[in-house]
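Please read all numbers here as calculations on a predicted model, not as lab measurements. Throughout, protein chains are lettered first and strands after them, A, B, ... in sequence-line order, and every chain is numbered starting at 1.
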Protein chains: 2
Amino acid sequence: MYSIDFSAFFSSAFSVDCIIFGFSDGEIKALLIKRSVKPFENYWAVPGDLVYPNEDLPQAAERILFELTGLKNIQLPQSQTFGKPNRHPQGRVITIAFFALIRIEDFEVKASSWAEEVNWVSVKNLPELAFDHNFILSSTYEIFKQKLQYEPVCFDLLPERFTLNEMQQLFEFAFNIEMDKANFRKKIKNIPLIAHDEKQQNVKHRPAKLFSFDKVNYHERVKSGEYQFKM
Amino acid sequence: MYSIDFSAFFSSAFSVDCIIFGFSDGEIKALLIKRSVKPFENYWAVPGDLVYPNEDLPQAAERILFELTGLKNIQLPQSQTFGKPNRHPQGRVITIAFFALIRIEDFEVKASSWAEEVNWVSVKNLPELAFDHNFILSSTYEIFKQKLQYEPVCFDLLPERFTLNEMQQLFEFAFNIEMDKANFRKKIKNIPLIAHDEKQQNVKHRPAKLFSFDKVNYHERVKSGEYQFKM
DNA sequence: GCAAAAGTGTTTGGATTACACCCATGC
DNA sequence: GCATGGGTGTAATCCAAACACTTTTGC
């Protein structure tokens with residue numbers, strides 16, 4: 001049936017790579033770690049790890065995210081799978097990429113055997129990464145941008161309380177466009193937001209109002225079919 | 001570093017599953033094969049195969065498509081990867097799903113060791129499939145529908161020459177909605193189509209005009225940034 | 001008062017919707 | 001001629017873009 005022995009197929013490994021995106025200073029950034037082991041020693045890389053033989057894939061992604069950031073209960077959508085035969089120098093390793101969207105403010109580096117040095121790097125200014133990680137990261141960024149347009153995931157990146165201008169800046173950065181302030185506000189007027197009395201602090205201009213995403217209201221309205229997020 | 005021996009990771013296999021969609025009689029259908037071997041003997045399944053140790057993933061998907069349909073040079077976008085530890089009774093096998101959109105008219109079953117019986121089945125009327133193939137197929141169908149909205153992939157499913165009503169039926173079926181004929185035509189008026197002099201044959205009402213998708217024009221206009229497909 | 005950014009209103013043209021109507025073909 | 005779908009026009013409405021304007025804060 002097969003031209004090689006059936007058992008020869010069971011000689012591959014797979015890994016999970018976890019692309020972690022954040023937003024600060026008007027830029028979307030990815031969390032990179034510096035490798036302290038061969039291969040690609042001293043290269044920056046996307047956090048990832050081999051998957052245990054009995055471990056589920058999303059579970060492995062959660063493990064990596066938790067070990068690195070201490071964060072739990074974050075959605076980890078799948079990006080793509082990368083499996084060129086020669087992508088890993090130590091054997092056939094295919095990797096399934098996941099991505100997480102987190103608030104940089106919530107993030108705190110945890111000690112980890114494979115994460116001595118950790119850094120947020122703007123997606124528009126990436127260094128040369130280990131393995132095929134440049135390709136994995138940029139492919140995943142495209143998938144994330146797709147999601148940004150049709151699901152309210154921008155609020156996973158923005159602080160819990162944000163200004164409308166911060167929100168606008170996120171979209172301007174992602175899609176590399178400039179938007180009109182007045183029109184932006186009209187565009188988002190149907191998104192369920194909670195307006196707080198609280199204002200921005202320590203700015204040398206009129207302080208902006210702070211908003212939160214009204215998740216409960218959003219889910220109700222989506223469920224009833226009366227609303228569909230769209231940017 | 002790891003709590004198990006490094007070589008123990010290299011004991012998995014992976015497969016590629018290829019979901020093939022087509023459109024006929026106003027319905028979107030998937031190509032299923034009947035398994036003649038264990039496990040899941042006599043169950044219908046999505047065509048798939050183990051990936052050779054030196055084979056690239058898209059190449060494996062192309063191979064499966066070609067063996068089954070004789071078709072080549074078809075885009076095979078990736079869907080998702082499915083890897084629950086117990087999804088395959090014979091060991092840890094994760095599977096990468098791809099999907100192909102083909103014209104049923106171009107399709108011709110080829111003999112194949114693993115495809116004795118082949119059938120097009122409406123995605124709204126699927127039987128119980130082998131393995132986790134119901135889940136794989138429905139997840140892939142959702143991804144395909146996403147693509148249908150923002151890329152001109154409907155023309156990969158429609159005959160080379162199609163009527164506007166056939167096109168409308170495709171969208172009505174996919175999104176489970178009814179559309180106004182006049183408004184549908186206004187909506188698509190920016191899509192570059194070639195109008196042929198040829199008319200529909202053998203219908204017992206006024207024959208409809210036939211159209212083709214103007215791929216060349218489309219790519220030019222997308223490249224210059226003046227056009228973005230949207231349904 | 002001035003700089004800087006927050007925040008709002010008006011106009012315009014293009015797209016979406018609902019709906020009505022005419023046209024070509026087979027039988 | 002009539003049933004069946006093909007094909008088009010109109011009016012009301014909604015939405016997006018462009019742009020101008022007012023407001024509030026720090027210094």
- [ ] Can you check whether any acceptor in the base of D/dT10 is under 3.5 Å from a donor in the side chain of B/Lys186, or vice versa?
- [x] yes
Task: B/Asn165 side-chain N/O to D/dG6 phosphate OP1/OP2 under 4.0 Å - done: yes
Task: Which residue lies more 5' along DNA chain D, comparing A/Lys204 with A/Lys187 via nearest heavy atoms - done: A/Lys187
Task: Integer-rounded Å distance: D/dA16 P and A/Ile188 CD1 - done: 13 Å
TODO: Measure centre to centre between the rings of B/Phe229 and B/Tyr150, then say whether the value is under 6.0 Å.
DONE: no
Task: Presence of donor-acceptor pair under 3.5 Å, side chain of A/Asn183 and base of D/dA18 - done: yes
Open item on the list: Is it true that B/Gln168 and B/Glu172 share a donor-acceptor pair across their side chains at a distance under 3.5 Å?
Closed with: yes
Open item on the list: Any N or O donor-acceptor pair under 3.5 Å from the base of D/dG7 to the side chain of B/Lys181?
Closed with: yes
TODO: Assess the side chains of A/Thr163 and A/Lys209: does a donor N or O sit below 3.5 Å from an acceptor N or O?
DONE: no
- [ ] Find which nucleotide of DNA chain D each of B/His205 and B/Phe211 is nearest to by heavy atoms, and output the residue with the more 5' nucleotide.
- [x] B/His205
TODO: Check whether the side chain of A/Lys199 and the base of D/dT25 form a donor-acceptor pair under 3.5 Å.
DONE: no
Task: side-chain N/O B/Arg185 vs D/dG7 OP1/OP2, d < 4.0 Å - done: yes
TODO: Inspect the surroundings of OH in A/Tyr43 and state if more than 12 heavy atoms from other residues, nucleotides or ligands are less than 6.0 Å away.
DONE: no
TODO: For A/Asp180 and for A/Arg206, locate the closest nucleotide of DNA chain C by heavy-atom distance; then report the residue assigned to the nucleotide nearer the 5' terminus.
DONE: A/Arg206
Task: Rounded distance (Å) that lies between atom P of C/dA6 and atom CD of A/Glu166 - done: 9 Å
Open item on the list: Need one value for B/Ala208: base, sugar-phosphate or nothing, where a base atom within 4.0 Å counts as base even if backbone is also close, heavy atoms only.
Closed with: sugar-phosphate
